[in-house]
Amino acid sequence: GTAALIWNEIIREKVTNFIMNQSKEQRILNFVLQNAVRGDPCSVVDTIDKYCSQKEWAMNVGNEKGLILDKTVEEINPSVALELGSYCGYSAVRIARLLKAGARLLTVEFNPEFALIAKQMIEFAGVQDKVKLLEGPSQEIIPQLKKKYEVDTLDFVFLDHWKDRYAPDTILLQECNLLRKGSVLLADNVIFPGAPEFLNYVRKNPHFQCTNYPSHLEYMQVEDAMEKAVFLG
């Protein structure tokens, strides 16, 4: 798994970026703009999956773990959701297509280039009325959610950013009183590349009830899993 990632993420990607004079994320967006149906979020998600499984690997949640994400969102039926780590906008589009009328998703991205691509992806998919992209570090944006973005509490949080931020950002969400009884956290990549601090924190914390969903790393046969942590108050 590690060797395949090094090949895909570092060697192959750097060579392709140099030859084509653009980033992999820009190539993903261009493929979507040329091949997906504008205003159709399912078409956008399927087109990204097609590109990343057939052409270049990318760190979206992917189609297999995407079904776990879908099921969780459908069960919660959130009014206010938060995503940490927008990347190219794949999971934001995937979540937004399942949100009820009037619901909203706030998605946080630290990387300015990724944020720009995610914004275009969200608009092309036609879900911009449900998704607000917030650019900056999660540890700065989370404390602003109540006052600046008028969030009372969060029904659902999807953690898919830097793995070493999972635990501190979960603690920060609690300290900022953004979780209510029944709020659900879903964390990606808890096995590969892994989020041991987060797993240790939520599994040993009496305020959380955890469920593990074994799966595979996106677009690969490498063992991975998602962890659901329900806040008990």
Q.
I want to check something: taking the side chain as every heavy atom from C-beta on, are Leu232 and Pro206 in contact at a cut-off of under 4.5 Å?
A. no

Q: Give, for atom CG of Leu82 and atom CD1 of Ile95, the distance between the pair rounded to the nearest 0.5 Å.
A: 9.5 Å

**Q.** Flag side-chain contact, heavy atom, 4.5 Å: Val157 against Ser183
**A.** no

Q: Write down the atom of Val108, the atom of Ser138, and the distance for their closest heavy-atom approach.
A: CG1-CA, 4.2 Å

**Q.** Interatomic spacing from OH in Tyr213 to CG in Asp188 - rounded to 0.5 Å
**A.** 13.5 Å

Q) Rounded to the nearest 0.5 Å, how far apart are CG of Asn111 and CG of Leu116? A) 10.0 Å

(Q) My understanding is that only one of Gln26, Arg27, Gln34 makes a side-chain hydrogen bond (donor to acceptor under 3.5 Å, both in side chains) with Asn30; could you say which? (A) Gln26

Q: Indicate yes or no: at least one non-hydrogen side-chain atom of Met226 is less than 4.5 angstrom from one of Phe158.
A: yes

Q: Please tell me if the side chains of Asp70 and Leu67 come closer than 4.5 Å, counting only heavy atoms from C-beta onward.
A: yes

Q) Given side chains that start at C-beta, do those of Leu99 and Arg104 come closer than 4.5 Å, heavy atoms only? A) no

Q: Answer yes or no: is there an ion pair linking Arg203 with Glu227, defined by an N-O contact shorter than 4.0 Å?
A: yes

(Q) Let me confirm one number: the OG1-NZ distance from Thr153 to Lys181, rounded to the nearest 0.5 Å. (A) 14.0 Å

Q.
If you define the side chain from C-beta out and look only at heavy atoms, does anything of Lys228 sit under 4.5 Å from Lys71?
A. no

(Q) Determine whether the aromatic ring centres of residues His161 and Tyr166 are separated by less than 6.0 angstrom. (A) yes

Q | Interatomic spacing from NZ in Lys50 to NZ in Lys55 - rounded to 0.5 Å | A | 7.5 Å

Q.
Taking Asp152's backbone N and O only, do any of them form a donor-acceptor pair with Lys146's side chain (distance below 3.5 Å, no angle check)?
A. yes

Q | Within-4.5 Å side-chain heavy-atom neighbours: Arg180 and Asp155 | A | yes

Q | salt bridge (charged side-chain N to carboxylate O under 4.0 Å, His left out) involving Arg38 - partner list, sequence neighbours excluded | A | none

Q. Would Glu109 and Tyr87 satisfy side chain to side chain donor-acceptor pair (under 3.5 Å), going step by step from the backbone distance to the final call?
A. CA-CA 7 Å; Glu109 178 53 54; Tyr87 188 43; over 6 Å; no

Q) For the side chain of Lys119 and the backbone of Leu133, is there at least one donor-acceptor N/O pair under 3.5 Å apart? A) no

(Q) With a 3.5 Å distance limit and no angle check, can you tell me whether Glu25 reaches the backbone of Phe114 through a side-chain donor-acceptor pair? (A) no

Q) Asp160 side chain to Gly85 main-chain N or O, any donor-acceptor pair under 3.5 Å? A) no

Q. Any side-chain heavy atom of Gln144 within less than 4.5 Å of one from Tyr149?
A. yes

Q) Going by an N to O cut-off under 4.0 Å, is there a salt bridge joining Lys132 and Asp129? A) no

